[in-house]
2 protein chains.
Amino acid sequence: MIKVLIVDDDFMVARIHSGFVAQMPGFTVSGVAHTGAQALAEVRRLRPDLVLLDIHLPDISGLELLGQLRAAAPEIDVLVISAAREADTVRQALRGGIVHYLMKPFTQADLHQRLDHYQRTYRSLESADTADQSDVDAVFGMSGTDKPLPKGCSAETMVRVQTALRSAEADSSALEVGELLGLSRVSARRYLEYLNELGQVQVELRYGSGRPERRYRWQGPRS
Amino acid sequence: MIKVLIVDDDFMVARIHSGFVAQMPGFTVSGVAHTGAQALAEVRRLRPDLVLLDIHLPDISGLELLGQLRAAAPEIDVLVISAAREADTVRQALRGGIVHYLMKPFTQADLHQRLDHYQRTYRSLESADTADQSDVDAVFGMSGTDKPLPKGCSAETMVRVQTALRSAEADSSALEVGELLGLSRVSARRYLEYLNELGQVQVELRYGSGRPERRYRWQGPRS
DNA sequence: ACAAAGTTGTGTTCATTGTGTTCACGCTCA
DNA sequence: TGAGCGTGAACACAATGAACACAACTTTGT
């Protein structure tokens, strides 16, 4: 559950945005603050994962508060909400390492899309020990579109196979990957052998009684 | 012309990356530094737009240097280059407001793709007085929810498709949505794929005998 | 020591199911 | 009337999985 602190000087707006967040699966509103000082105190008290931060606060500029929040909680993520359209403000916020900048007024769908992006990219980095290039690319919405898949392989299934391999504790056989994903061994093998060609997996043989079994271990991309 | 400072302790690597940058239209190498101290001095002297920053430097951690570079030149952009795959390193760099994180080893094409993204997104913000949501979305590679309805789709049918999906208990295929609304599969698919682009639905494949079926699940707000 | 049998797994083939594209059709509007 | 749009039938082809021949090992028998 991703804990969110709402920071907005306008009580009504804060309430609306709280409602939006509360309706987003996987997110929960852990608090609301209406000034920069309150926000700092609440960050220290509640330890939220994410702050929805309005730039215009009565006691401090949101951009300045961003730095202070970072100092108070280095692991905090910040999604800036602002009516400000000055490119300079946007640039400063981006250089502050925000996860998004959403311009008011915005719809619930707008916010949900950004929260979803945050959840799928930044938060998956949070729960991982290692990352690879595709994780970073996901943050910036860049897809590895340059590598064409062979005929007979779909992008969606490839992503699922890669994900399964990367989260496996050890190596896996085609049959195991297939069972895990609801695919046949033969289909899983198609993807695994292609990943092998790309150098993204390492193949090892497991010897027993009978023909050796091909097992695949995630090795990360090789350029 | 975007001026780039290369910061890497390995002289050979720095030379290779300089070559990559020099071959990117719109970019010029303004200097090379091999230590953190040199990098700071060169940033002050050369005023580059972008630093290609290797994390592993002999005298300082690249992440720490990032903060110092920001203090010395608040308008500086930083593209991190690193062999580090620890997710924690990646997270810290992202919170430092980097424009990208490229994992070694990478190809020239890899770097050019990121430089191109930087040029089209961050740099266009640099030359603008105002920004709008699509400018921010471009940084994060998101298409936004206000993308106009494509030719061949009617607003009335769009609403009906969205309503059908919203009220579905589970996911639906294009065929099912089409049957429900009295449309053909192909027409329903048009709307569903558009919603997929907008991030309002999630696509999952259902495997069986034969080609997998694309199924669409509503992911936007319920209300 | 070597061959044969048994066991386990692979890799290929092709049938099945579904997708995605193309373009003709009917309707609306200027 | 002609242009443009929304739609769907038709079709080529894509992505799967079952079935099967056979490969690569281990075990057993001579």
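Remember, it's a predicted structure, so these values are computed and weren't measured experimentally. A note on names: the letters A, B, ... follow the listed sequences, proteins ahead of strands, and every chain is numbered from 1.
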Electrostatic pair A/E86-A/R91, nearest N-O below 4.0 angstrom: no
Whichever of A/S184 and B/P150 has its nearest DNA chain D nucleotide further upstream toward 5': B/P150
OP1 or OP2 of D/dT26 versus the side-chain N and O atoms of A/S209: is any pair under 4.0 Å? no
B/G210 or B/R215, whichever maps to the more 5' nucleotide of DNA chain C: B/G210
Using atom CZ of A/R206 as one end and atom C1' of D/dT26 as the other, report the distance to the nearest whole Å. 16 Å
Got a salt bridge between B/E176 and B/R215, using NZ or NE/NH1/NH2 to carboxylate O under 4.0 Å? yes
With a 4.0 Å limit, can you tell me whether B/S154 has a side-chain N or O closer than that to the phosphate oxygens OP1/OP2 of D/dG6? no
Separation of D/dA15 C1' from A/Y194 OH (nearest whole Å): 16 Å
A/L205 atom CG is separated from D/dA24 atom P, nearest whole Å, by 11 Å
Quickly work out the B/R214 CZ to D/dT16 P distance and round it to whole Å. 11 Å
Calculate the interatomic distance between A/K151 atom NZ and D/dA14 atom P; express it in whole Å. 4 Å
Are any of the side-chain heavy atoms of A/H17 and A/F106 separated by less than 4.5 Å? yes
First and last nucleotide of DNA chain C, 5' to 3', lying under 4.0 Å from heavy atoms of chain A: C/dT7 to C/dT12
Measure from the side chain of B/R190, starting at C-beta and using heavy atoms only, and say which of D/dG17, D/dG8, D/dT16 lies closest. D/dG8
Go through A/Q200 and A/Q219 one step at a time and tell me if the side-chain hydrogen bond (donor to acceptor under 3.5 Å, both in side chains) criterion holds. CA-CA 5 Å; A/Q200 296 192 12; A/Q219 202 188 356; over 6 Å; no
Could you please spell out the steps behind the side-chain hydrogen bond (donor to acceptor under 3.5 Å, both in side chains) verdict for A/T157 and B/Y207? CA-CA 10 Å; A/T157 306; B/Y207 304 97; 2.7 Å; yes
Rounded distance in Å - CD (A/E156) to P (D/dA15): 10 Å
What is the nucleic acid contact for B/G182, judged by heavy atoms within less than 4.0 Å: base, sugar-phosphate only, or nothing? sugar-phosphate
Between A/L175 and B/R189, whichever has its closest DNA chain C nucleotide further toward 5' is A/L175
Taking the side chain of A/V186 as heavy atoms from C-beta outward, which of D/dT16, D/dA19, D/dA24 is closest to it? D/dA19
Pairwise 5' ranking along DNA chain D for A/G208 and A/C153, keeping only the more 5' one: A/C153
Report which part of the nucleic acid A/L183 touches: base, sugar-phosphate, or nothing (heavy-atom distance under 4.0 Å, all strands). sugar-phosphate
From the set D/dA15, D/dC5, D/dC25, return the single nucleotide nearest to any side-chain atom of B/P212. D/dA15
From the set D/dT7, D/dG17, D/dT16, return the single nucleotide nearest to any side-chain atom of B/Y191. D/dT7
Does a nitrogen or oxygen in the side chain of B/T157 sit under 4.0 Å from OP1 or OP2 of D/dG6? no
Checking salt bridge (Lys or Arg N to Asp or Glu O under 4.0 Å) between B/K104 and each of B/D10, B/D110, B/D54, which is the one that passes? B/D54
Side-chain ion pair, A/E156 and B/R214, N-O less than 4.0 Å: yes
Nearest whole angstrom, please: distance from the P of D/dT16 to the CG of A/L192. 13 Å
Ion pair check, A/E75 and A/R47, cut-off under 4.0 Å: no
What is the separation between atom CZ on B/R160 and atom C1' on D/dT7, rounded to the nearest whole Å? 13 Å
